[in-house]
Asks: 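Sharing a structure, written as structure tokens. Questions coming.
Numbers restart at 1 for each chain; the letters A, B, ... are given by sequence-line order, proteins then strands.
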Amino acid sequence: MDYNFKEIEKKWQDYWQKEKVFKSSVSDAPKFYCLEMFPYPSGKIHMGHVRNYTIGDVYSRYKWMQGFNVLHPMGFDAFGQPAENAAIKNKTKPDEWTHKCIDWMKIELKKMGFSYDWDREVSTCDSGYYKWNQWIFLKMLEKGLAYKKASDVNWCSSCATTLANEEVIEGGCWRCHNKVELKELEQWYLKITDYKQHLLDDLKLLNDWPQRVIAMQTNWIGKSQGVEIYFRLKSNNQIIPVFTTRVDTIFGATYIVLAPEHPLVKEIIKDNPREKEVLKFIEKVGKETKVVRISSDIKKEGIFTGGYATNPVNNEDVPIWVADYVLMEYGTGAIMAVPTHDQRDFLFAKEHNLPMRIVIQPAAPACPAGRQAQSTDEMTEAYVGEGFQVNSGQFNGLSNQEAKIKIAEWMEKNKYGQIQTHWRLRDWLISRQRYWGTPIPVIYCKKCGAVPVPYHDLPVELPKDAPFTGEGGSPLGKVKEFVEVKCPECGGTGRRETDTMATFFDSSWYFLRFCSPEFNKEPFNVQEAKYWMPVDQYIGGIEHAILHLLYSRFFTKFFKDLGMIDFNEPFKHLLTQGMVLKDGEVMSKSKGNIVDPDSIIDKYGADTLRLFMLFAAPPETELEWDDRGLEGAYKFLNRVLRIKNDLKDKADHGLVKVMHKIIKKVTDDIESFKFNTAIASLMEFVNAIYQSGADERVFTNLIIMLSPIAPHFCEEIWQSLGNNGSIFKASWPKYDPGLLVETTVTMVIQVNGKVRARLEMPTDVSEDKLREMVLKEEKLKPWLQNKPFNNFIVVPRKLINIVV
RNA sequence: GGGCAAGUGGUGGAAUGGCAUACACGAUAGACUUAAAAUCUAUUGACCGUAAGGUUGUGAGGGUUCAACUCCCUCCUUGCCCACCA
């Protein structure tokens, strides 16, 4: 008979909550902080949440049973635009809508049986939380890390707000995919670039992070070392700086190219017969969107300006061109072109018949790629590999790697240029022209300028009934009582900042807040954070590999500089779980292939859902949803339950030995997040029990090992076996290494690498004895046929390979 | 274009130099049943063979090794991230 999961799951969820089984507080015991990325409260949990939180839950419960003091909190990343949209649609207020969603979501999370310490719940939209966003902002302002500047910012007209560089994906808005425009605005920025070197260097400390996340962050920070070279405009000797990482090719620079927006272009073409034509070209390029400009199959277009510049290393005059493939926002907005050693320059030069010169030759014949080109005419593509300098003055004959250093030093000495480092990382734009976010705590005064709100006036509360319509513009600007305030400095007429903070600000430090969620003197209690932090295990989606993780690392470094914490990195170990797929595709509303967790819980129970998700694939790989696999998980639980009705007085010694092996395997597997093989081992254990019958001790160990995975199910059995208290207060079984030692072993006998026999041998058999037994073996005789052995290889306790 | 993963039965996956396909799903057969479901038992990579057994087999090709899914080289395919980045 099937077990009654509905009754059982409800019963134990209530019990865990009432008894506060998973409540944690600072103690002398070793701590373990297990954190899953908190959700945006959309109102419904999806399979991605279920997978993420199940992984964290299993690990937390396992750590509890290993004797750790576990911090396993949950909260809600509750500010953000969807609440505004939903509120307009449903004619309610973002505040009410969000809190309703949080309530629904909590019900669903509780139905999954997750072991959270709900006493630590935080929601970022509560003033008790965002007050500290404002506090952090003011501290950053004090330290010169928050500043306001006017510039062209990424603007999404459909969301009517600005976007950080990190929020622009392929030229579109990360949320609505609308084309992003540039708009000149005065906005607040955080100087994350002050930490760029630390953010890059400390990636080396993160040995327990996935390689690809490290790679993505490295890429995003984008450090590149090179030389800024001073070309000079021939007509008036003005400097045109260009940046290159390949200074070894400087003697092959046969023209330079400016971005169409480059300020010097207008000067160069002034009173020049080509002026009209060039302006026409610039206008044309300006109309193209960035998306079109970067699409790789489009031909690079450019035009000669009529001007010339002088290459400082050889005083050669080179033509100045303007082309669409040079971007004003990277480097200096101007490049030197070396057609022989850069593929893009090569194609451009061929197209426009520009001169080229070879300056690096592969070291033939050592270089396989390298037939040396005798003239540029025979080149069909640029040579971008390593080699030796030619046509490069006093640097001829050097390897290009060596030349890179020597030329850079020589240029710097002669003031032809300057060794420089370029970074891709830009300061973080945090102003948003939205309602549902943290108000930026600044007041503008005609006399005093931008004045920070004094700490004792925090929080700057978000007015509950702003008249927002979704039409854009800062809705807070329409709330008179909010905007019209006195200047805190001179008492004169002031005007409050009406932009709110980007929501990534909220999630950049929530892991610290969880250490002391009620603390009301500072963002977190320094002592408690000292005990709990850093997060030992962080679990979440790969989609946060750049934004959220980079910002959180930045905030952590800031708090360290404030002296509030004493570690460099917030997350010791990071696990990025794979997506949940259905029919090979990511589950999504638009594809209509969503499986609702709630309906699965209703039909099979949370334990079955948890078991299936963990068994179907390792946590980091994609998981293909499979109804039949779910059915299999359900059958397994019933199979376990049946054992209980058939317990023996004493289990066989053989089964006890099997048990100890399984304990070792399951412990090792769970420790390293191999839940799928841990479950496979438990299934093997169950199969073995079906063969020989378990006693209560063996069965209890099975139940304890299964309990992190199927907690309600195991808690029920634990209780029905007459145990007191929660199974999660029980300790994890230990294996007896003595029982793992075998006296005999099955050895595989190979002849020429092919398996020809298997022999049962004592583990301590001597090699001579082995040989004797092998030669006697009838099965092997046809293969050996009295031929002499070339080799007789023995891998102790495993295998023998005879080579004849 | 650059970087990082990955490619194994009908399916999800296991094995990190030493028995390829653990565990499960599915399928087939049997037991139980009036019958079905559930459950239990057995078989299940392909090919040849009545069988014993043999051959072959981890995207393709080469290499190292007594021994390669695993290490090295070349290539193909898929996924993800970045990208006219100078």
Asks: Of the options A/M761, A/R797, A/E760, A/M773, which is the one that meets A/M747 in a side chain to side chain contact (heavy atoms under 4.5 Å, CB included)?
Replies: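 Testing A/M747 for a side chain to side chain contact (heavy atoms under 4.5 Å, CB included) against A/M761, A/R797, A/E760, A/M773 leaves exactly one candidate, A/M761.
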Asks: How far, in whole Å, is B/U11 from B/U44 if one measures between their C1' atoms?
Replies: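 Their C1' atoms lie roughly 14 Å apart.
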Asks: Quick one: which of B/C23, B/C82, B/G12 gets closest to the side chain of A/A616?
Replies: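 Within the option list, the nearest is B/G12.
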Asks: With heavy atoms under 4.0 Å as the rule, sort A/P210 into base, sugar-phosphate or nothing.
Replies: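 Nothing, no heavy atom under 4.0 Å.
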Asks: So, the side chain of A/N791 versus the backbone of A/V803: is there a donor-acceptor pair under 3.5 Å, distance only?
Replies: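 Such a contact is absent between A/N791 side chain and A/V803 backbone.
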Asks: Taking the side chain of A/K635 as its heavy atoms from C-beta onward, which of B/U39, B/A14, B/C82 lies nearest to it?
Replies: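 Of all the options, the side chain of A/K635 is nearest to B/U39.
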Asks: Supply the atom-to-atom distance A/T244 OG1 to A/H422 NE2, rounded to the nearest 0.5 angstrom.
Replies: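 These two atoms lie 10.0 Å from each other.
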Asks: Under 4.0 Å: is that the gap between some side-chain N or O of A/R756 and OP1 or OP2 of B/G53?
Replies: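 Negative; the distance criterion is not met.
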Asks: Once you round it to whole Å, what is the distance between C1' of B/A27 and CZ of A/R628?
Replies: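 These atoms are roughly 10 Å apart.
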Asks: Please figure out whether A/K798 or A/G753 has its closest RNA chain B nucleotide nearer the 5' end.
Replies: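 Its nucleotide being nearer the 5' end, the pick is A/K798.
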Asks: Of the listed nucleotides (B/G13, B/U41, B/C82), which one gets closest to any side-chain atom of A/W220?
Replies: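 My answer, after comparing the listed nucleotides, is B/C82.
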Asks: What does nucleotides 75-81 of chain B look like as a protein-contact string, B for base, S for sugar-phosphate only, - for none, at under 4.0 angstrom between heavy atoms?
Replies: ------S
Asks: Quick check for you: among B/A86, B/A24, B/G18, whose closest atom lies nearest to any side-chain atom of A/M683?
Replies: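 Given the options B/A86, B/A24, B/G18, the side chain of A/M683 is closest to B/A24.
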Asks: Between A/F348 and A/Y325, is the ring centroid distance below 6.0 Å?
Replies: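 Here the rings of A/Y325 and A/F348 have centres that are less than 6.0 Å from each other.
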Asks: Is RNA chain B part of any stem, that is, at least 3 consecutive Watson-Crick or G-U pairs with both distances under 3.5 Å, and where?
Replies: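 The stems that RNA chain B takes part in, listed by first number, are B:1-7 with B:76-82, B:10-12 with B:23-25, B:26-31 with B:39-44, B:45-48 with B:53-56, B:59-63 with B:71-75.
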Asks: Atom CZ of A/F612 to atom P of B/G26: distance rounded to whole Å?
Replies: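 One finds 12 Å between P of B/G26 and CZ of A/F612, rounded.
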Asks: Taking atom P in both B/C80 and B/U70, what distance in whole Å separates the two?
Replies: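 That atom pair is separated by 26 Å.
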Asks: With rounding to the nearest 0.5 angstrom, report the OG1 to NZ distance, A/T249 to A/K404.
Replies: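 It is 9.0 Å, given to the nearest 0.5 Å.
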Asks: Within the 4.0 Å heavy-atom criterion, would you say A/N752 contacts the bases, only the backbone, or no part of the nucleic acid?
Replies: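 Answer is nothing: A/N752 stays at 4.0 Å or more from every strand.
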Asks: Measure the distance from CE on A/M328 to P on B/C84 and round it to the nearest whole Å.
Replies: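 Those two atoms, CE and P, are 15 Å apart.
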Asks: Using the P atom as the point on both nucleotides, what is the distance between B/A29 and B/A37, in whole Å?
Replies: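 Pairwise P distance, B/A37 against B/A29, rounds to 12 Å.
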Asks: Could you measure between the two C1' atoms, the one in B/C25 and the one in B/C19, and give it in whole Å?
Replies: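 Comparing C1' positions in B/C25 and B/C19 gives a spacing of 25 Å.
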Asks: What's the closest nucleotide to the side chain of A/R344 if the choices are B/C84, B/G18, B/C25?
Replies: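 Among B/C84, B/G18, B/C25, the one nearest the side chain of A/R344 is B/C84.
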Asks: For a quick test of reading the model: is some side-chain N or O of A/N791 closer than 4.0 Å to OP1 or OP2 of B/A67?
Replies: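 So the side-chain polar atoms of A/N791 never come under 4.0 Å of the phosphate oxygens OP1 or OP2 of B/A67.
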Asks: Examine distances only and state if a side-chain atom of A/R756 and a backbone atom of A/I749 form a donor-acceptor pair shorter than 3.5 Å.
Replies: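 Side chain of A/R756 to backbone of A/I749: no pair is present.
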Asks: Verify the ring-centre separation between A/W321 and A/F281: is it less than 6.0 angstrom?
Replies: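 Between A/W321 and A/F281, which both carry aromatic rings, the centre distance is not below 6.0 Å.
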Asks: How long is the gap from CD1 on A/I239 to CZ on A/F231, to the nearest 0.5 Å?
Replies: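 Here the interatomic distance stands at 12.5 Å.
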Asks: I want to verify a distance call: between B/C40, B/G13, B/A22, whose nearest atom is closest to the A/A617 side chain?
Replies: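 My answer, after comparing the listed nucleotides, is B/G13.
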Asks: What is the separation between atom CD on A/E543 and atom P on B/C82, rounded to the nearest whole Å?
Replies: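 From A/E543 CD to B/C82 P: 12 Å.
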Asks: Please report the distance separating the C1' of B/G2 from the corresponding atom of B/C47, rounded so that it comes out in whole Å.
Replies: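 Roughly 45 Å separates the two C1' atoms.
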Asks: With side chain to side chain contact (heavy atoms under 4.5 Å, CB included) as the test, pick out the partner of A/F675 among A/L614, A/L611, A/T54.
Replies: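 Looking at A/L614, A/L611, A/T54, the match for A/F675 under the side chain to side chain contact (heavy atoms under 4.5 Å, CB included) is A/L614.
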Asks: On RNA chain B, check which nucleotide each of A/K674 and A/R639 is closest to and give me the residue with the more 5' one.
Replies: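 Upstream on the strand: A/K674.
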Asks: So, A/Y383 side chain and A/I358 main chain: donor-acceptor pair closer than 3.5 Å or not?
Replies: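 Checked: no pair found.
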Asks: Quick one: label A/E624 by what it contacts on the DNA or RNA (base, sugar-phosphate, nothing), any heavy atom closer than 4.0 Å.
Replies: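 Answer is nothing: A/E624 stays at 4.0 Å or more from every strand.
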Asks: With a 4.0 Å cut-off on heavy atoms, is A/F792 in touch with a base, just the backbone sugar-phosphate, or nothing at all?
Replies: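 The answer is nothing, as A/F792 stays clear of every strand by at least 4.0 Å.
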Asks: Rounded to the nearest angstrom, tell me the gap between atom CD1 in A/I800 and atom P in B/C19.
Replies: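 The answer, rounded to whole Å, is 14 Å.
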Asks: Taking atom CD of A/Q211 as the centre, does the number of heavy atoms from other residues, nucleotides or ligands within less than 6.0 Å exceed 12?
Replies: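 Atom CD in A/Q211 is not crowded, with 12 or fewer foreign heavy atoms closer than 6.0 Å.
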Asks: Taking B/A38 as the reference, what is the distance to B/A46 when you measure between their P atoms (whole Å, please)?
Replies: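 One P to the other, the span is 25 Å.
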Asks: Rounded to the nearest angstrom, tell me the gap between atom CG in A/L611 and atom C1' in B/C23.
Replies: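 After rounding, the gap between these two atoms is 12 Å.
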Asks: Taking B/U39 as the reference, what is the distance to B/A5 when you measure between their P atoms (whole Å, please)?
Replies: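 About 42 Å, rounded to a whole number of Å.
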Asks: So, is B/G54 syn or anti if syn means the angle is within 90° of 0?
Replies: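 This nucleotide is in anti.
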Asks: Verify the contact: side-chain N or O of A/N676 to OP1 or OP2 of B/A14, cut-off strictly under 4.0 Å; return yes or no.
Replies: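 Checking B/A14 against A/N676, a side-chain N or O does come within under 4.0 Å of OP1 or OP2.
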Asks: Crowded around A/K603 NZ? As in, over 12 foreign heavy atoms under 6.0 Å?
Replies: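 No, NZ of A/K603 has 12 or fewer neighbouring heavy atoms, counting only those of other groups under 6.0 Å.
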Asks: Over all strands shown, is A/V748 touching base, sugar-phosphate only, or nothing at heavy-atom distances under 4.0 angstrom?
Replies: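 Base contact.
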Asks: Just verifying a value: how many Å separate A/I679 CD1 and A/M705 CE, rounded to the nearest 0.5 Å?
Replies: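 Reported value, rounded in 0.5 Å steps: 12.5 Å.
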Asks: Heavy atoms from C-beta onward define the side chain here; which of B/G18, B/C84, B/A86 lies closest to that of A/T245?
Replies: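 The answer is B/A86, which lies nearest to the side chain.
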Asks: I'd like the C1' distance from B/C23 over to B/A14, given in whole Å.
Replies: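 After rounding to an integer number of Å, I get 7 Å for this pair.
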Asks: Report the distance from atom CG of A/D248 to atom P of B/A86, rounded to the nearest whole Å.
Replies: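 Rounding to the nearest Å, CG of A/D248 and P of B/A86 are 13 Å apart.
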Asks: Between P on B/C40 and CG on A/D646, what's the gap in Å once rounded to a whole number?
Replies: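 To the nearest whole Å, that distance equals 12 Å.
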Asks: Of the options B/G12, B/C84, B/C19, whose atoms approach the side-chain atoms of A/F615 most closely?
Replies: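 Of the options given, the side chain of A/F615 lies nearest B/G12.
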